[in-house]
Amino acid sequence: EELEGKGIFATFAVGDAVTAIDENKFLHTQISFSNDKEGTLLPSFPKTFKAISQGIEDGGVFVYCPSRQASSALVTGYLMATQRLSFDDAWRQVLENCSECEDLNRNLKRQLTTWAKWPEFPGLPEWM
């Protein structure tokens, strides 16, 4: 009910064991991710970012995971790719808009900062 009141159209659950929020009310996307300390989010970026953009156009999105680490990293990556922000600027925006977000762990921060240096940024190399 609270999400509906905020105009949320689509939900994105980050993690293999995360359950969907009422799939009858929202367009739901499950993003496969094993764990915050070792898993990689990068391969999911292109498809997920396209779905997030569509969800924003249609009303709004809610991205979530149990630890808030992977969902925060995903939103940071989205801002980096779509607004061409540095990691630091994108992360600052996430923190300004999410009072419950905590600093990203080393694995997720490394993925985002390394990705920003690749020549394919904001895309991915073909081998991914």
Side-chain angles (χ1 to χ4, degrees):
E1 224 173 78
E2 185 179 333
L3 292 178
E4 287 179 292
K6 293 184 178 187
I8 299 300
F9 173 78
T11 62
F12 295 82
V14 185
D16 297 331
V18 181
T19 57
I21 296 173
D22 198 343
E23 291 185 65
N24 296 320
K25 292 183 179 181
F26 306 103
L27 179 63
H28 179 73
T29 302
Q30 187 79 31
I31 300 154
S32 181
F33 183 68
S34 57
N35 75 53
D36 294 339
K37 292 185 170 76
E38 297 172 5
T40 181
L41 280 174
L42 294 177
S44 69
F45 279 5
K47 184 178 178 182
T48 303
F49 291 172
K50 187 175 183 178
I52 288 173
S53 291
Q54 185 61 53
I56 290 170
E57 278 183 37
D58 293 338
V61 299
F62 179 64
V63 182
Y64 63 99
C65 72
S67 72
R68 293 191 183 92
Q69 288 280 311
S71 55
S72 297
L74 187 71
V75 172
T76 302
Y78 177 79
L79 293 172
M80 290 170 64
T82 59
Q83 297 182 18
R84 299 293 180 136
L85 297 177
S86 68
F87 167 79
D88 290 332
D89 290 341
W91 180 241
R92 192 172 5 268
Q93 278 195 24
V94 169
L95 290 177
E96 287 171 3
N97 291 287
C98 178
S99 60
E100 299 169 357
C101 292
E102 300 173 8
D103 199 19
L104 292 178
N105 67 43
R106 195 166 81 191
N107 172 45
L108 294 169
K109 190 180 290 188
R110 181 180 43 79
Q111 286 180 52
L112 292 168
T113 55
T114 301
W115 173 57
K117 296 175 187 173
W118 289 351
E120 297 87 358
F121 178 82
L124 295 173
E126 289 184 26
W127 56 265
M128 287 197 108

Asks: How far does OG1 of Thr76 sit from CD of Gln111, to the nearest 0.5 angstrom?
Replies: 12.0 Å

Asks: By side-chain contact (heavy atoms from CB on, under 4.5 Å), which residues pair with Glu120, not counting sequence neighbours?
Replies: Trp118, Pro125

Asks: For the residue pair Gln69 and Asn105, what are the closest heavy atoms and their distance?
Replies: OE1-N, 2.6 Å

Asks: Which heavy-atom pair separates Leu41 from Ala73 by the least distance, and what is that distance?
Replies: CD1-CB, 3.8 Å

Asks: So which heavy atom on Leu74 is nearest to which on Thr48, and how close?
Replies: CD2-CG2, 3.8 Å

Asks: For a side-chain contact (heavy atoms from CB on, under 4.5 Å) check, start with the C-alpha distance between Leu79 and Val94, then their side-chain angles and the critical distance, and finish with the verdict.
Replies: CA-CA 9 Å; Leu79 293 172; Val94 169; 3.9 Å; yes

Asks: Tell me every residue that passes side-chain contact (heavy atoms from CB on, under 4.5 Å) with Pro66, counting only those two or more places apart in sequence or in another chain.
Replies: Val18

Asks: Assess the residue pair Phe9 and Ile56 against the criterion (side-chain contact (heavy atoms from CB on, under 4.5 Å)); give the C-alpha distance rounded to whole Å, side-chain angles, the decisive distance to 0.1 Å, and a yes or no.
Replies: CA-CA 8 Å; Phe9 173 78; Ile56 290 170; over 6 Å; no

Asks: If you look at every heavy atom in Leu124 and Pro43, which pair is closest and at what distance?
Replies: CD1-CA, 4.0 Å

Asks: Val63 and Ser71: which non-hydrogen atoms are nearest, and at how many Å?
Replies: CG1-CB, 3.7 Å

Asks: Test of understanding: with side chain to side chain donor-acceptor pair (under 3.5 Å), list the residues that count as partners of Glu102, not counting sequence neighbours.
Replies: none

Asks: Applying salt bridge (charged side-chain N to carboxylate O under 4.0 Å, His left out) as the test, list every pair that has at least one member in residues 38-50; sequence neighbours left out.
Replies: none

Asks: If you define the side chain from C-beta out and look only at heavy atoms, does anything of Leu3 sit under 4.5 Å from Ile21?
Replies: yes

Asks: Rounded to the nearest 0.5 Å, how far apart are CG of Leu108 and OG of Ser72?
Replies: 9.0 Å

Asks: Could you tell me which residues satisfy disulfide bond (SG atoms under 2.5 Å apart) with Cys65, sequence neighbours excluded, listed by chain and number?
Replies: none

Asks: Could you tell me how the ring of Tyr64 sits relative to the ring of His28: parallel (under 30°), tilted (30 to 60°) or perpendicular (over 60°)?
Replies: tilted

Asks: Of all the heavy-atom pairs spanning Asp16 and Ser32, show the shortest one and how long it is.
Replies: OD1-OG, 2.8 Å

Asks: Assess the pair Trp115 and Phe45: is the distance between their ring centroids shorter than 6.0 Å?
Replies: yes

Asks: Mind checking what makes side-chain contact (heavy atoms from CB on, under 4.5 Å) contact with Thr29, not counting sequence neighbours?
Replies: Phe12, Ile31

Asks: Give every residue pair that meets the salt bridge (charged side-chain N to carboxylate O under 4.0 Å, His left out) criterion with at least one member in residues 82-91, sequence neighbours excluded.
Replies: Asp89-Arg92

Asks: Verify, without hydrogens or angle tests, whether Thr113 (side chain) and Arg110 (backbone) share a donor-acceptor contact under 3.5 angstrom.
Replies: yes

Asks: For residues 52-71, which residue pairs qualify under salt bridge (charged side-chain N to carboxylate O under 4.0 Å, His left out), counting only residues two or more places apart or in two chains?
Replies: Arg68-Glu100

Asks: Going by atom types alone, do Gln93 and Asn97 pair a side-chain donor with an acceptor below 3.5 Å?
Replies: no

Asks: Mind checking side-chain contact (heavy atoms from CB on, under 4.5 Å) for Ala116 and listing every partner two or more places apart, or none if nothing turns up?
Replies: Met80, Phe121

Asks: Taking only residues two or more places apart in sequence, or in another chain, which ones meet Thr82 in a side chain to side chain donor-acceptor pair (under 3.5 Å)?
Replies: none

Asks: Please identify each residue that fulfils side chain to side chain donor-acceptor pair (under 3.5 Å) with Ser44, with sequence neighbours left out.
Replies: none

Asks: Among all residues two or more places apart in sequence or in another chain, which pass the ring pair (Phe, Tyr, Trp, His ring centres under 6.0 Å) test with Tyr78?
Replies: Phe49

